[in-house]
Amino acid sequence: MSLAALCVQLLNGLADASAMFLVAAGLSLIFGVTRVVNFAHGSLYMLGIYLAYSLVRGGGGGAAAFWGGVFAAGLVVALLGALVEMTVLRRIYRSPELFQLLATFALVLIAKDVTLFVWGPDDLFAARAPHLGGAIEILGRRFPEYDLVLIASGPVVLAALWAVLNRTRWGTLVRAATQDRDMVAALGVNQAWLFTSVFALGSFLAGLGGALQGPRTPANLGLDLETISTAFVVVVVGGMGSIPGAFLAALLIGEIKALCIGVGTLSVFGAVFSLSKLTLAAEFLVMAAILVVRPYGLLGRPLAPLFARGAAAAPRRAFSGGARRALLALLIVLAAVPALAHFYPYLTVLVIEILIAALFAASLHLLVGPGGMHSFGHAAYFGLGAYGAALLLKLCALPMEVAFALAPLAAGIGALVFGWFSVRLSGIYLAMLTLAFAQIAWSVVYQWDSLTGGSNGLIGVWPAAWLASVQRYYYFTLVLCVGGIALLRRIVFAPFGFALRAARDSPLRAEAIGIDTRAVQWAGFVVASLFAGLAGALYAFSKGSISPDVMYVNRSIDGLVMILLGGVETLAGPWVGAALFTWLADTAARLTDYWRLWLGLVMLVLVLAFPSGIVGFWEQLAAARRARGRPPAAVPEQLAP
């Protein structure tokens, strides 16, 4: 690679780094003050691009119309962010992080379909910036003039944020709230308006970052998840809540990705490696490496819990009489599903999907509930199980039964590697490291065309002849999923399950009585992955094909949504939430093209109306009824007035 090409490629990396920093700075600012893991931040970036496209076109051209439209797009996004904060997020600040994730994920679904309704499904290409549509020569190579403006925007925004946060009273309050919100409230500061202003500023940065990218990147509906993944990586690598850290992380990741594209191939001891294929995974490889060496990022520090939150209550071991009867009735109904397919032909296929989703959600719940380990990358094990089954069947020519039995082991091996690193972290850092490993696995599957079929996936993954009919495969799935869920419940109440909950509730006490908490949590990762791999293998043979989408980040988020809809503090919650989420998604998709909008609205209502989940709310209601019917307890004589 020539010196000129290297210089141009490094400049491209700087332009990308500035774009990443604008979005990540807003996300870091919001998290530092509110502690909200705002999954909708990528949607704000996407709206910035679309709004800038419309505003610039409506302005009639010219430099004033372009730059006015870009700035106005950021302001509109800031107003939308403030509205979201006041109407939705303000109600859930004292909720657990995963609960906030569910609410912001609902906003992602709503924003995507609103954007689809207003601007349509096609990619939109914004006009070039006036007087900046040409290129300059750098060592004989041409480099776009507009990219030089983007390169300058990063340091300018960093300097402006530093001045605001360090030279104004508002900035002093923001920094104080980052350190100790309760003390700020005790001093009489109106926290509600402080949080709203911070959220508006963070939203403005996201919208401005999107608006500035219009001439470089077409506006499309996939920008939200793509952008939030990158923004999370930058924020976590830099250190949660650290603006300078986000700037350093953006520079590091931008330049590494640029070099991977520019260098192309690298020869080491005669072996040739394609660095360009690392582009999709480069940022996640950087995040994984940084978090292993520096668990709190480059400039981060340990974050104390925002509010005192008790551990999840231990679920009751025995079902009540009513619960047993309801469970028996459910099993009878499930056994009768193929007979009902005469009236609803698609019912059997839909219930197969629900059963697989229930097993996947139950496996994730072992980590999130009893284990207390937030995972954003559980889809990796689902995908490893699915691809393990497909490759053993297609590549190794093993019988379906053998391939199916060995498939969960592929997920278990992945968890042995990923889990060893993950259990050394906690909270949001653990969640982001699991996301990094999952995205690395996804990028390998997506680009390894010769083995996995790349983006096209693998086809012809059919079950054996004795399972060829839908009815037989349904009963096969029913037995394995019900058995898997029952076994997971048994594990929770086995000595291993109690040790896992002890490591969650009080690590110091658990270590004091001889429990190796890291080993127990590592084992929890492996056990959960085996059941997720089983669900993935069932999914692969039910569809007859497999693609990289099965292990993308949205499937991991779907699993978390299922758990939260049902209730984290219950064992029935995961499969109730899985059934509700799968049915809602399928029904909405059949009724309207804007199914994400309606699904997001329903989820948002459920979040605000049932903060403990559907099953959790039902259990609380039943407990209140029992309490009303119980006679008052006798007052001990020594405590009587």
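Position 1 is the first residue of the sequence; numbering continues from there. Note that the structure is predicted; figures quoted are calculated from it, not measured.
- Atom CZ of Arg472 has 12 or fewer heavy atoms from other residues, nucleotides or ligands within 6.0 Å.
- Separation of atoms CD (Gln100) and CD1 (Ile92) is listed at 5.5 Å; rounding is to 0.5 Å.
- By the 6.0 Å and 45° rule, Arg590 stacks over the aromatic ring of Tyr346.
- You'll find the side chain of His365 reaches within 4.5 Å of the side chain of Pro370, heavy atoms only.
- Residues Trp442 and Val553 are not in side-chain contact: their nearest non-hydrogen atoms beyond the backbone lie 4.5 Å or more apart.
- Aromatic ring pairs are classed by plane angle as parallel below 30°, tilted from 30° to 60° and perpendicular above 60°; the pair Phe39 and Phe232 is tilted.
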For Arg501 and Val492, run side-chain contact (heavy atoms from CB on, under 4.5 Å): C-alpha distance rounded to whole Å, both residues' side-chain angles, the deciding distance at 0.1 Å, then the answer.
CA-CA 9 Å; Arg501 295 211 297 273; Val492 170; 3.2 Å; yes
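- Open room surrounds CG on Asp593; 12 or fewer heavy atoms of other groups in view lie less than 6.0 Å from it.
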Using the side-chain contact (heavy atoms from CB on, under 4.5 Å) rule, take Phe476 and Leu538 through it: C-alpha gap first, then chi angles, then the decisive distance, then the call.
CA-CA 9 Å; Phe476 179 73; Leu538 286 169; 3.8 Å; yes
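- The shortest heavy-atom contact between Pro338 and Thr348 is CA-OG1, 3.9 Å.
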Mind running salt bridge (charged side-chain N to carboxylate O under 4.0 Å, His left out) on Glu511 and Arg518 for me, showing each step along the way?
CA-CA 10 Å; Glu511 293 280 359; Arg518 282 188 177 178; over 6 Å; no
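- More than 12 heavy atoms of other residues, nucleotides or ligands lie within 6.0 Å of CH2 in Trp595, so this atom counts as buried by the packing criterion.
- Heavy atoms from other residues, nucleotides or ligands lying under 6.0 Å from OH of Tyr446 number 12 at most.
- Aromatic ring orientation, Phe117 versus Tyr594: perpendicular (interplanar angle above 60°, classes split at 30° and 60°).
- For the pair Leu116/Asp113, a side-chain contact is recorded, criterion being any heavy-atom separation below 4.5 Å from C-beta on.
- Minimum heavy-atom separation, Ser529 to Gly412: OG-CA, 3.4 Å.
- Residues Leu467 and Phe404 form no side-chain contact, since every pair of their non-hydrogen atoms from C-beta on lies 4.5 Å or further apart.
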Contacts table for residues 378-394: side-chain donor-acceptor under 3.5 angstrom, sequence neighbours left out:
{"unit_1": "His378", "atom_1": "NE2", "unit_2": "Ser363", "atom_2": "OG", "d": "3.0"}
{"unit_1": "Lys394", "atom_1": "NZ", "unit_2": "Ile459", "atom_2": "O", "d": "3.1"}

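- Taking the side chain as every heavy atom from C-beta outward, Thr434 and Phe418 never approach each other to under 4.5 Å.
- Applying side chain to side chain contact (heavy atoms under 4.5 Å, CB included) to Met603 and the options Leu109, Leu584, Leu564 leaves one that passes, Leu109.
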